[in-house]
Amino acid sequence: MLLGTVLLLFLLRTAAPASAHAALDGTDPGDGAVLERAPAHVTLTFSESVGLRDDSFRVLDPGGHRVRTGEAGRADGRADTARVALPGGLGEGTYTVAWRVVSADSHPVSGAFTFSVGAPSRSAAPVDPGPTEDPLTATLHKTARYLSYLAVALLVGTAAFVALCRPPDPAPLRRPLVAAWWTLLAATVALLVLRAPYEAGTGPSAALDPAALGDTLTTRPGALLLTRLGLLVPVGAYLARTARARRGSTRPAAGVGVVLAVALALTWAAAEHAAAGPQVPVAMASSVLHLLATAVWLGGLAALLTTLRASRSAPGAATVVRFSRTAFAAVTVLVVTGVYQSWRGLGSWQALTATTYGRLLLAKVVLVAVLLSAAAVSRRWTAALVTTPAAVREPARVPERVPQPAGGGPPTEAPCPSGAGPGPGAGAGGTAAGAALRRGLYRSVLVEAVVAAVVLGVTTVLTATPPGRSAEGAARAAVPAGGVLPASVTTIPFRIGASGRGTVQITLDPGRTGDNAVQAVVFGPDGSLAAVPELRLAFTLPDQEVGPIEADLVDRGGYWSANTLTLPLPGTWTMKATVRVSETDQVSETRRLRVDH
């Protein structure tokens with residue numbers, strides 16, 4: 001089952017782009033910009049907070065030589081920005097900026113862009129953002145992440161099964177508890193040592209560098225992994241006590257177990273999607289509850305399966321009923337938190353089918369529906385097991401002959417335990433009926449466990465995929481990797497009353513003197529396409545006292561366009577966009593636009 005789901009994980013990972021969860025919202029200077037004077041800084045703005053590396057910026061001059069820059073820092077102290085100081089005296093030509101940062105959800109993201117001083121070079125340095133990821137490092141990292149999810153589900157779920165469902169004999173569950181603890185320990189150590197090469201996009205051999213490991217421990221993802229390792233010590237002590245416990249003896253320590261489980265779950269929530277984006281405190285709480293509910297349900301399934309397999313008779317009707325009730329509560333929590341996290345991650349209904357994140361989310365929903373169907377079958381087997389008389393549910397006990405003293409009377413039979421002796425439905429027929437019930441319940445729970453392992457695989461891929469909200473932002477900001485855009489693209493933000501901010505994305509093709517085609521798209525506060533009553537564009541060249549030249553825009557149903565706009569002279573034009581957001585309200589914003597021959 002484990003090998004099959006790991007293979008599924010590898011197949012699904014090819015459908016997702018490189019782990020780029022922080023979308024680049026803008027650069028200063030802009031990509032392809034031509035400046036009269038060299039800038040003092042290069043500033044990047046992202047859709048979420050990012051972590052900086054020692055090599056977050058590489059600036060190449062027109063000849064392809066690296067420019068000495070200052071240390072990477074922030075713009076105005078904002079965590080969603082990255083800035084580097086440039087040396088004075090930069091010569092004329094096109095400069096290439098390659099960058100690499102770490103998203104708030106611990107995944108690296110990289111890219112590159114160009115800007116020119118004075119005039120563009122005839123040939124600029126190739127745009128090389130550096131390695132995105134090493135295939136072997138990425139595979140090992142994803143495998144360790146999946147194993148850590150699987151191990152924590154078994155660990156928390158089995159402990160919860162012992163504490164809440166109180167099986168008559170918890171001894172068979174000691175082995176899966178120990179295996180889960182060691183697996184989580186090994187997976188966490190692997191994630192910690194692979195962190196440096198994963199962020200740098202290099203091979204696994206870089207994990208042997210002590211300096212790189214030391215740097216990892218100073219970052220937020222490294223600190224969280226180290227915290228997880230530290231928590232495994234008291235968790236191991238608690239589980240050792242739980243595994244030895246008998247009925248009723250786990251209740252005094254239940255509070256300790258809950259605290260340890262929540263602390264473990266926080267080390268995941270603080271390193272994944274919940275740590276970035278809107279409503280972080282609510283998202284963190286939701287993520288913790290979602291992970292714990294998943295563990296209680298899916299890990300509890302594995303514990304029930306182990307108990308069924310190890311027990312010659314039914315594990316106890318009361319135990320099965322308690323797990324059924326516990327699983328129902330866990331599923332309720334999963335539904336509530338899952339709906340919230342889906343809304344937060346998608347951002348719009350279009351992202352459900354238009355992004356990889358949305359499609360994986362749909363696949364997970366389908367798998368969970370299959371899992372719930374299997375759970376419904378298990379509940380029916382549970383009901384049959386509970387309502388069946390004990391004489392049928394348990395195998396009939398064959399009376400044992402008690403040895404008699406030599407010369408004694410006729411042989412006697414040992415008394416049968418109460419409820420286990422011969423009676424209606426007992427004997428071969430009762431034993432066969434009880435065995436059939438146990439086999440049916442075992443097979444149903446086995447199907448649940450297999451589907452649950454696949455759900456964990458899809459979840460692992462989902463947490464390594466850019467959320468729909470970020471993916472849509474990245475798509476709007478995407479530019480060709482070759483450097484200067486074949487068309488001029490300008491994004492102008494504007495405020496829509498008290499409801500938020502919208503943007504107008506204007507494309508001027510080819511963005512040169514002479515005739516140009518114009519396309520303009522209006523996006524609302526949620527990032528989706530917005531319909532407005534009117535959109536006007538006017539172009540002015542103040543240095544030559546030319547303009548305003550109006551673009552004759554026509555509403556094409558989703559976007560605005562003008563087939564021909566003539567800009568007669570090169571220079572820095574002022575573009576004014578006027579958006580009428582209602583019958584009585586409008587807003588105007590301006591941007592400067594460089595137009596060359």
Side-chain angles (χ1 to χ4, degrees), residues 24-46 50-102 108-131 200-201 215 477 479-491 508 511-513 541-544 569-575 590-597:
L24 180 65
D25 284 345
T27 65
D28 183 16
D31 189 7
V34 180
L35 310 175
E36 296 179 1
R37 295 183 300 273
H41 301 85
V42 170
T43 304
L44 309 180
T45 304
F46 296 91
V50 294
L52 302 180
R53 297 171 43 83
D54 292 338
D55 59 346
S56 282
F57 286 95
R58 290 184 297 113
V59 181
L60 307 179
D61 64 17
H65 305 292
R66 187 163 183 175
V67 177
R68 290 184 177 273
T69 61
E71 184 178 353
R74 307 289 185 179
D76 302 324
R78 292 173 49 190
D80 61 347
T81 63
R83 168 177 284 184
V84 65
L86 299 177
L90 291 181
E92 185 177 277
T94 300
Y95 290 80
T96 302
V97 180
W99 53 269
R100 188 177 185 88
V101 296
V102 181
V109 52
S110 60
F113 67 96
T114 63
F115 68 90
S116 300
V117 177
S121 302
R122 292 187 177 181
S123 60
V127 178
D128 179 17
D215 292 340
V479 298
V484 181
L485 289 168
S488 171
V489 178
T490 305
T491 300
L508 196 64
R512 301 290 185 264
T513 57
L541 185 58
D543 294 342
Q544 303 294 330
L569 298 173
T572 302
W573 290 72
T574 298
M575 178 172 58
T590 60
R591 283 293 183 275
R592 301 183 72 188
L593 178 68
R594 179 70 185 182
V595 177
D596 297 315
H597 285 291

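Rounding to the nearest 0.5 angstrom, the gap separating the CZ atom in Arg592 from the CE atom in Met575 is 12.5 Å. Distance check: Glu36 CD to Thr572 OG1 gives 5.5 Å after rounding to the nearest 0.5 Å. Leu60 contributes atom CG, which lies 11.5 Å from atom OG1 of Thr114 (distance to the nearest 0.5 angstrom). To the nearest 0.5 angstrom, Leu593 atom CG is 10.5 Å from Leu541 atom CG.
Residue pairs meeting the salt bridge (charged side-chain N to carboxylate O under 4.0 Å, His left out) criterion with at least one member in residues 71-95, sequence neighbours excluded, are Arg78-Asp80.
Contact annotation: the side chain of Val101 never approaches that of Pro108 to less than 4.5 Å [non-hydrogen atoms, C-beta and beyond]. The side-chain heavy atoms of Val42 and Pro29, taken from C-beta on, include a pair separated by under 4.5 Å. Between Val117 and Tyr95, the closest side-chain pair of non-hydrogen atoms falls below 4.5 Å.
Across all non-hydrogen atoms, the minimal contact from Thr574 to Pro542 is OG1-CG, 3.8 Å. Taking each heavy atom of Pro87 and Leu90 in turn, the nearest pair found is O-CG, 3.6 Å.
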### Task
Begin with the C-alpha distance, continue with both residues' side-chain angles, and end with the deciding distance and a verdict on side-chain contact (heavy atoms from CB on, under 4.5 Å) for Thr43 and Thr27.
CA-CA 6 Å; Thr43 304; Thr27 65; over 6 Å; no
### Task
Walk me through it: do Leu86 and Val59 pass the test side-chain contact (heavy atoms from CB on, under 4.5 Å)?
CA-CA 9 Å; Leu86 299 177; Val59 181; 4.0 Å; yes
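Applying the side chain to side chain contact (heavy atoms under 4.5 Å, CB included) rule to Val34 yields the partners Ser116, Pro120, Arg594, Asp596; only residues at least two apart in sequence or on another chain are considered. Under the ring pair (Phe, Tyr, Trp, His ring centres under 6.0 Å) criterion, Phe46 pairs with Trp99, sequence neighbours left out.
Of the possible donor and acceptor atoms, none in the side chain of Thr94 sits under 3.5 Å from a partner among the backbone N and O of Phe115.
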